[in-house]
Amino acid sequence: MTRSRFIALLATCVVALLLPLGTAGGAQAAGAVKISKIYYNSPGKDDRSNASLNGEWVRITNSTTKAVSLKGWTLTDAQKHTYTFGTFTLGAGKSVTVRTGSGKNTASNVYQNRRAYVWNNDKDTATLRKSNGTKVHSCSYNNPKVEFKNC
C-alpha cells in the first residue's frame with residue numbers, strides 16, 4: 001500500500017469514528033431524558049380527592065448514563081398547565097413520576113400540588129422543556145377508552 005493510500009484510509013477511519021459524536025444519532029445512542037408514560041385517567045371516580053388526583057401522573061425517564069439536573073425544567077399540557085421542577089436531579093437510568101395532587105417529594109415522586117385534574121381523559125399532549133425553553137420531548141394521546149399511554 002502506498003503512503004498516500006494509507007493516509008487516505010487512516011483519515012477515512014478517523015472521520016468514521018468521530019462523525020457520530022457530532023450528530024443527533026450519536027447523542028440518541030447515548031440515551032435521553034423523555035416522557036415515558038402518562039396515566040391520564042385516574043382509576044375510580046373523578047372526585048378530586050388527593051388520592052384520585054395522584055392517580056393521574058406523568059413518568060419522566062433518564063436513559064442516559066449520567067444524572068441530569070431538571071431544575072427549572074417544565075412539564076405542560078395542551079392547555080398550558082405548567083409544573084416547574086425545583087432543585088431536582090434525575091439519576092442515570094432512573095425515573096420520576098410527576099403526580100397531580102399533593103404529597104412529599106422524593107427521588108421517585110414529585111407533586112404538582114393541584115386541586116384539579118390536569119390531563120384530559122380523552123386527548124392531550126404532555127411536553128417536557130429545559131429551563132431555557134428548549135423542547136426535550138412530547139407525547140400525545142387520543143383514546144378515551146384507555147387509561148394510560150406509553151410514550
*Can you list the residues that meet the side-chain contact (heavy atoms from CB on, under 4.5 Å) rule with Ser49, with sequence neighbours excluded?*
Asp47, Ala51, Ser52
*Could you tell me whether the side chains of Thr127 and Ser138 share a donor-acceptor contact shorter than 3.5 Å?*
no
Only distances under 3.5 Å count here; give the side-chain donor-acceptor pairs of residues 80-94 to other protein atoms, sequence neighbours excluded, each with its distance to 0.1 Å.
| residue | atom | partner | partner atom | Å |
| --- | --- | --- | --- | --- |
| His81 | ND1 | Asp77 | OD1 | 3.2 |
| His81 | ND1 | Asp77 | OD2 | 2.8 |
| Thr82 | OG1 | Lys80 | O | 3.0 |

*Is the shortest heavy-atom distance from the side chain of Ser140 to the side chain of Lys123 under 4.5 Å?*
no
*Looking only at heavy atoms, which two atoms of Thr64 and Gly31 are closest? And how far apart?*
CG2-C, 3.7 Å
*About how many Å separate CD of Gln79 and OG1 of Thr125, when rounded to the nearest 0.5 Å?*
9.0 Å
*Report the residues that fulfil side-chain contact (heavy atoms from CB on, under 4.5 Å) with Val136, sequence neighbours left out, ordered by chain and then residue number.*
Trp73, Leu128, Lys130
_Would you say that Cys151 contacts Ile38 through its side chain, given a criterion of any heavy-atom pair below 4.5 Å between the two side chains?_
yes
_Rounded at 0.5 Å granularity, tell me how far OG in Ser36 sits from CD1 in Ile60._
8.0 Å
*Check whether any side-chain N or O of Thr61 sits under 3.5 Å from a backbone N or O of Ser63 as a donor-acceptor pair, and report yes or no.*
no
*Will you find, in the side chains of Arg114 and Thr100, an N or O donor that is under 3.5 Å from an N or O acceptor?*
no
*Which pair of heavy atoms, one from Tyr40 and one from Asn121, lies closest together, and at what distance?*
O-OD1, 2.9 Å
*Measure across Gly101 and Tyr111 and return the closest heavy-atom pair with its distance rounded to 0.1 Å.*
O-CB, 3.3 Å
_side-chain contact (heavy atoms from CB on, under 4.5 Å) involving Arg48 - partner list, sequence neighbours excluded_ = Ala116, Tyr117
*Is there a side-chain contact between Leu75 and Val58, using heavy atoms and a 4.5 Å cut-off?*
yes
_Please check this pair: side chain of Tyr141 against backbone of Asn120, looking for a donor-acceptor N/O pair closer than 3.5 Å._
yes
_Lys145: side-chain contact (heavy atoms from CB on, under 4.5 Å) partners, not counting sequence neighbours_ = Asn143
_Joint cluster assignment, Val96 & Leu53, ILVMFWY side-chain distance < 4.5 Å_ = no
_Lys37 to Phe148, cation-pi by 6.0 Å centre distance and 45° axis angle_ = yes
*Of the non-hydrogen atoms in Ser131 and Lys71, which two are nearest, and what is the gap between them?*
CB-O, 3.7 Å
*Is there a donor-acceptor pair under 3.5 Å between the side chain of Asn50 and the backbone N or O of Asn54?*
no
_pair Thr97-Val110: side-chain heavy atoms closer than 4.5 Å_ = no
*Test side-chain hydrogen bond (donor to acceptor under 3.5 Å, both in side chains) applied to Asn113 - qualifying residues, sequence neighbours left out*: Ser102
*Quick one: are Arg99 and Asn109 in side-chain contact, heavy atoms under 4.5 Å?*
yes
_For the CG atom of Asp124 and the CG atom of Asn142, what is their distance to the nearest 0.5 Å?_
10.5 Å
*Flag side-chain contact, heavy atom, 4.5 Å: Val118 against Gln112*: yes
